[in-house]
Amino acid sequence: MAAHIATAMKPKNNNSNSNNNSNCCSNGYRSDVSNGSDNNSPSPPPSPPKPRLTPSLSQCRRRLRSKTKSFVRRENLGSGLNFRRNLRYLLLLPLLYISGLLMCVGPFSGFWGYASVPGSVYRSYENFQRLWDDIRFDNSSALQLSSVWKYKRRVKVQKPCPNSTARNHFSMYRTSILESSGSSGYLIVDANGGLNQQRSAICNAVAVAGLLNAILVIPRFELNSVWRDPSQFRDIYDEEHFINNLKGYVNVVRELPEALMERYDQNISNIPNFRVQAWATVNYYLGVVLPILRDQGVIRIAPFANRLTMNVPSHIQLLRCITNYKALKLSPPISSLAEKLVSRMIERSSMTGGKYVSIHLRFEQDMVAFSCCVYDGGEAEKLKMDSFREQEWKGKFKRKDRVIVPALNRIKGKCPLTPVEVGLMLRGMGFDNNTSIYIASGKIYQAEKHLAPLLEMFPLLYTKESLATPDELAPFEGGNFPLFLMGHRRFLFNGHSKTIKPDKRKLVVLLQDMDISWKAFKDEMEVMLAESDRKGMMVPRVKKFNRKTSIYTYPLPECACLQSSNNSTFRLTEGANVLNSHHESTR
């Protein structure tokens, strides 16, 4: 094809100009010899035209341009062909990779006879039984809870602290940016999801209210389909404390004025719902939401989880910090019970100086079902999980575009760790059987079966049910929000989360290895603990409008100014916190 294009672009020979061009010399310029008619000698017969050996200057230029275009076209064509060829490879390689995984770990693996991919099969309980004799006699290198965390960092606080000038900044912001010192209207949000999403929605609602200069109505909680908890804001948080701590930043009211309620027949649900895109930017709120708010005087946004980007101006980011670490205080009944649980755990941890390990064990039935992971329950468990998924999520897992490969989920570290896996990890890291363990969790899936090996490894195992009486627990339903707790630990302990966040991709490979020795496993776990310690004190680099991590999980450096005036929502000890990563945010 390239040769064809070059031929087509070759300049044509113009014979009509042959007479004129016969007086041109080889260099393309006209000769000085004259053909005057006054010459008396007879004219010689005309010579036949000689073949043109050298073109004129204009033809040289045209030919040069033609060749250049031809070369460029050949180059472009060649690069285009290479790009298409490379593109085919780029598209083909992922397909081959996925096909290979499906063949190795999918439903066809048995048919093709492939060996399972390391980490794709749950064999943790078998490994526990095989290693148990080595585990129970190994208390020689007991890890002291007081010396778990070795990395330390002095956090640099911004000067001047934004908290000291924030109120003045907001008054200037209202007059210069919003061109108004008065309110833009009332903001109503419906916080959906579990406690994680609800808390982030509250913090984001305060930030949006500050951004729009709106009056915030106490957020409402939607009924969660899984937890089925009808609790509202006042049941979980102290309303009065919330309102008072935000004075001067954002005005908060418990309900709309009567005039507005009459307009909507005394029913907030009659206010038209405005849907905001996920992770909406500051410009979106100022350009799209603010005009509607000013026009109507009130706006309702539902759902509101993850409806504000992490990249916001510093004075708006500070509102998130103030809300999360000062304004949101647990309600008195919950605070009172929490104090009792902590005090009782400290009493039962006398052998470790009052320190203990708290495990966020996300192994409830809904988490096991949502993960689509396969454990050791066989066909009966599979049928039970299929039925539960259909009941709770109505066809979400049967869509044609959804491919579920449980073994692949496990390899990628997306399966909740079982109690025996957490126990093996902690014993491998050096925590001995004198370590007190508190399990922060809802109802464990098949608790009697799955907690038994963990109890063998750690006899001092406690739950809220073992620490509190049925009457004390009666008013409350189980739930947890570990990502916020990890962030709160970073806030309290100078940026260190003091949290063990397992490398589950590595862990599942080790736990499937039926030839690994207890010593080799311990060596790997000590490395994992050191890595978790190192990462636990990392503070992300944050530039203007360039935050890529959640401020609720990584509160520093923006929230560092509030540490000196800390009014903590939680009472946390300096022991160890184990976070079992989960999928709640994907619902």
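- The only member of N270, V189, I271, V217 that meets side chain to side chain contact (heavy atoms under 4.5 Å, CB included) when paired with R300 is I271.
- The side chain to side chain donor-acceptor pair (under 3.5 Å) check on R399 picks up D401, with sequence neighbours excluded.
- Applying the salt bridge (Lys or Arg N to Asp or Glu O under 4.0 Å) test to K412 and every residue at least two apart in sequence or in another chain returns nothing.
- Contact annotation: the side chain of S269 approaches that of R220 to within less than 4.5 Å [non-hydrogen atoms, C-beta and beyond].
- Remark: side-chain polar atoms of Q277 are not paired, donor with acceptor, to backbone N or O of R307 under 3.5 angstrom.
- More than 12 heavy atoms of other shown residues, nucleotides or ligands fall within 6.0 angstrom of atom CD in E531.
- With sequence neighbours left out, the ring-ring contact (aromatic ring centres under 6.0 Å, His included) criterion links F274 to no other residue.
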Requested in this report: Could you go through the side-chain contact (heavy atoms from CB on, under 4.5 Å) check for Y284 and V276 one step at a time?
Outcome: CA-CA 9 Å; Y284 178 86; V276 172; 3.7 Å; yes
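- A centroid separation of 6.0 Å or more is found between the aromatic rings of F370 and F388.
- R136 meets the side chain to side chain donor-acceptor pair (under 3.5 Å) test with D133; sequence neighbours excluded.
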Report task. Could you go through the side-chain hydrogen bond (donor to acceptor under 3.5 Å, both in side chains) check for N324 and R199 one step at a time? Result -> CA-CA 8 Å; N324 198 26; R199 191 177 180 99; 2.6 Å; yes
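- Atom CZ of R234 is surrounded by 12 or fewer heavy atoms from other residues, nucleotides or ligands within 6.0 Å.
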Requested in this report: Run the numbers on T418 and Y122 for side-chain hydrogen bond (donor to acceptor under 3.5 Å, both in side chains), then give the verdict.
Outcome: CA-CA 10 Å; T418 61; Y122 177 80; 3.3 Å; yes
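- The pair R362-E364 meets the salt-bridge criterion, with a side-chain N (NZ, NE, NH1 or NH2) lying under 4.0 Å from an Asp/Glu carboxylate O.
- Using bins of under 30°, 30° to 60° and over 60° for the plane-to-plane angle, the ring pair W393/F397 lands in the perpendicular bin.
- Put simply, the side chain of P470 does not reach to within 4.5 Å of the side chain of E465, judged on heavy atoms.
- For the pair L211/L286, a side-chain contact is recorded, criterion being any heavy-atom separation below 4.5 Å from C-beta on.
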Output a table of donor-acceptor pairs, distance under 3.5 Å, between side-chain atoms of residues 448-462 and any protein atom two or more places apart or on a different chain; print 'none' if there are none.
unit_1: K449; atom_1: NZ; unit_2: D376; atom_2: OD1; d: 3.2

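- Proximity of Y237 to S331: side-chain heavy atoms (C-beta onward) are nowhere separated by under 4.5 Å.
- The minimum heavy-atom distance linking L337 with L473 is given by the pair CD2-CD2, 4.1 Å.
- N409 places none of its side-chain heavy atoms less than 4.5 Å from the side chain of S371.
- For K384, there are no salt bridge (Lys or Arg N to Asp or Glu O under 4.0 Å) partners two or more places apart in sequence or in a different chain.
- Side chain of N306 to backbone of W279: no donor-acceptor contact under 3.5 angstrom is found.
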